[in-house]
Amino acid sequence: MTLPPLAAYPALRLRRPRQADWSRRLVRESVVTPADLIWSMVVHEGEGRIPVASMPGIERLSVQEAAKAAVQARELGIPAIAIFPHIDGATKDADGSRAADPDGVISRAVRAMKDAAPEVGIMCDVALDPFTTHGHDGVLERGRVVNDATIERLVEQALVQARAGCDILAPSDMMDGRVGIIREALESDGFQDVMIMSYAAKYASAFYGPYRDAIGSGKLGSGEVDNPGDKKTYQQDPANTDEALREVALDIAEGADLVMVKPGMPYLDVIQRVVETFSMPTFAFQVSGEYAMIMAAAQNGWIDEERAILESLGAFKRAGCAGVISYFAPRAAKLLGA
Ligand code: PBG
């Protein structure tokens, strides 16, 4: 961009269009609407609603409550809901076998939500971590998360989710090759219409902390089996963006319909590069830690909660996102006056 000559400045007053609400609206470059939101939600195996301590305002929902929430999403104009399971610790094992349980809480929730509000898209997380005793997204062998054995389990889980009626499968595990293999399995099982949103560029981030509390996955590096204390051997190094582009390129080649960058706000530069490079529908995941930071500061009176929520969501649209996966979705939709 070239600046106008200095002499132009007395007449060039950038504040002019900012002086009234009507003119601000007229020149606005990006907007958030309820249609940009995917509501991130945790479901649990018991009854009722259980508050999540590290995420003020968020509750784990029973299958029945999740079905009610789907109706609410429809009323609020929220197009889709992403569900994550909280699993009873006593039923977990080292291989995460219950991930492929056709009567597990995810299958039951998908069926109940699609019954209650068939117009709302349901997205499921394809990953083993809610179901493993050690909290890793894969199968462990001698203290290492092994890629190909993990994918076999992810395919079983993905097919169970598709059979339950899930509309979008979202592999969040960061194993190599899983998008292509899941795509193939969907095609050969008659699920050619089920979409894949890949967690294409997912970073080994500190911002997932409250999520582990929400879904009840224990502390990494502890327990009965030898397991790494972090996810750095499969999730990306926060220092890298070229690598993110290679990850996205591969997932597109393997058949991803939609791509995601995660976390959101600390990675806006990555989002912008992904959008510019691939022109794919690109989503940001405003993760649990981002939610918790805003809520904690607001509860201390340090920031204005409602403005911070909308400003944070607006940043993703400005960076070029098609939409945002967020725990704020229902509140934001209400604030936006759906
Ligand atoms: C794991 C998974 C994580 C999240 C979604 N799927 C956590 C992780 O990778 O450790 C994080 C969501 C959030 O923090 O809101 N498969």
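Ligands are counted one by one from 1 in listed order, and the atoms in each one are counted from 1 as well.
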Quick check on contacts: which atoms of ligand 1 are under 4.0 angstrom from a heavy atom of Tyr327?
12 (C), 13 (C), 15 (O)
Please test Tyr211 against Phe84 for ring pair (Phe, Tyr, Trp, His ring centres under 6.0 Å), starting from the C-alpha separation and ending with a verdict.
CA-CA 10 Å; Tyr211 174 83; Phe84 300 89; 5.6 Å; yes
Heavy atoms, side chains only, cut-off 4.5 Å: are Val194 and Leu169 in contact?
yes
What do we get for Ala127 next to ligand 1 when only non-hydrogen atoms under 4.0 Å count, side chain, backbone, both or neither?
side chain
Pick one: which of Lys92, Arg153, Lys231 meets salt bridge (Lys or Arg N to Asp or Glu O under 4.0 Å) with Asp129?
Lys231
Geometric N/O contact Tyr199 with ligand 1, under 3.5 angstrom
no
Consider ligand 1: state whether an atom of it lies below 4.0 angstrom from any non-hydrogen atom of Tyr291.
no
If we count only N and O atoms by modelled type, under 3.5 Å, do the side chains of Arg98 and Thr91 hold a donor and an acceptor together?
yes
Taking only Lys NZ, Arg NE, NH1 and NH2, and the carboxylate oxygens of Asp or Glu, determine whether Arg178 and Glu152 approach each other closer than 4.0 Å.
no
Please verify whether a non-hydrogen atom of Arg212 lies at under 4.0 Å from ligand 1.
yes
Top protein contact for atom 2 (C) of ligand 1, by heavy-atom distance
Lys202 NZ, 3.3 Å
Any side-chain heavy-atom pair from Val32 and Leu310 closer than 4.5 angstrom?
no
Just to be sure I'm reading this right: ignoring hydrogens, which of Ala214, Ser288, Ser172 gets closest to atom 16 (N) of ligand 1? Compare them by their nearest heavy atoms.
Ser172
Heavy atom under 4.0 Å from ligand 1: found in Asp125's side chain, backbone, both, or neither?
side chain
One finds that the ligand 1 atoms under 4.0 Å from a non-hydrogen atom of Asp137 are 1 (C), 16 (N)
Quick note on ligand 1: atoms under 4.0 Å from a heavy atom of Asp129 include exactly 1 (C), 2 (C), 16 (N)
Check contact between Glu290 and ligand 1, using heavy atoms of the residue and a distance below 4.0 angstrom.
no
Could you check atom 12 (C) of ligand 1 against the protein and tell me its nearest heavy-atom contact, residue, atom and distance included?
Tyr211 CD1, 3.3 Å
Plane angle bin for Tyr327 and Phe285 - parallel if under 30°, tilted between 30 and 60°, otherwise perpendicular:
tilted
Nearest heavy atom to atom 3 (C) of ligand 1: which of Lys231, Met55, Lys262 does it belong to?
Lys262
Side chain proximity check, Arg111 to Asp103, heavy atoms < 4.5 angstrom
yes
Answer with yes or no whether the side chains of Ser54 and Asp213 bring together a donor and an acceptor at under 3.5 Å.
yes
